[in-house]
Amino acid sequence: MEQLPIRVPFEPGVAQSLDALLARGAAVARESVTLAALRDALLPELLSGRVRVREAADTIAEVVA
């Protein structure tokens, strides 16, 4: 989204609002990658029975915190 040219009329606060939105979008994208990697690591372990749901929940809590 940062690469799309968007003309925005200059008004006080608009740039700050857009910067905040872009920063939030980047943070959410990083969180999504982290959670997808966690899912990919835990799912096979859960399905095989090598890890129980409670253990997985503890692992997730550590990563997300």
Side-chain angles (χ1 to χ4, degrees):
M1 184 146 169
E2 291 180 31
Q3 297 173 357
L4 296 175
I6 299 173
R7 291 182 173 225
V8 179
F10 181 77
E11 291 183 28
V14 171
Q16 293 88 358
S17 296
L18 291 176
D19 287 342
L21 287 172
L22 289 173
R24 178 68 180 135
V28 169
R30 286 189 304 272
E31 182 180 23
S32 179
V33 168
T34 300
L35 291 174
L38 185 59
R39 177 206 60 217
D40 293 345
L42 285 175
L43 189 58
E45 299 297 314
L46 289 166
L47 291 175
S48 71
R50 289 186 294 251
V51 173
R52 298 207 175 260
V53 172
R54 183 171 297 269
E55 295 167 5
D58 292 341
T59 301
I60 292 170
E62 291 173 11
V63 170
V64 174

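Here, residue 1 is the first one in the sequence, and each next residue gets the next number. If you're wondering where the values come from, they're calculated on a predicted model, not measured in any experiment.
Summarising the geometry of Ala56 relative to Leu46, their closest heavy-atom pair is CB-CD2, 3.9 Å, with the distance given to 0.1 Å.
In this structure, CD on Glu55 lies 12.0 Å from CZ on Arg50, to the nearest 0.5 angstrom. Here the straight-line distance linking atom CG of Leu22 with atom CG of Leu18 works out to 6.5 Å at 0.5 Å rounding.
Checking side-chain atoms of Thr34 against main-chain N and O of Arg30 turns up a donor-acceptor pair under 3.5 Å.
No path of Ile, Leu, Val, Met, Phe, Trp and Tyr side chains, each step under 4.5 Å between heavy atoms, connects Val33 with Leu35, placing them in separate hydrophobic clusters.
The closest side-chain heavy-atom distance from Ile60 to Leu42 is below 4.5 Å.
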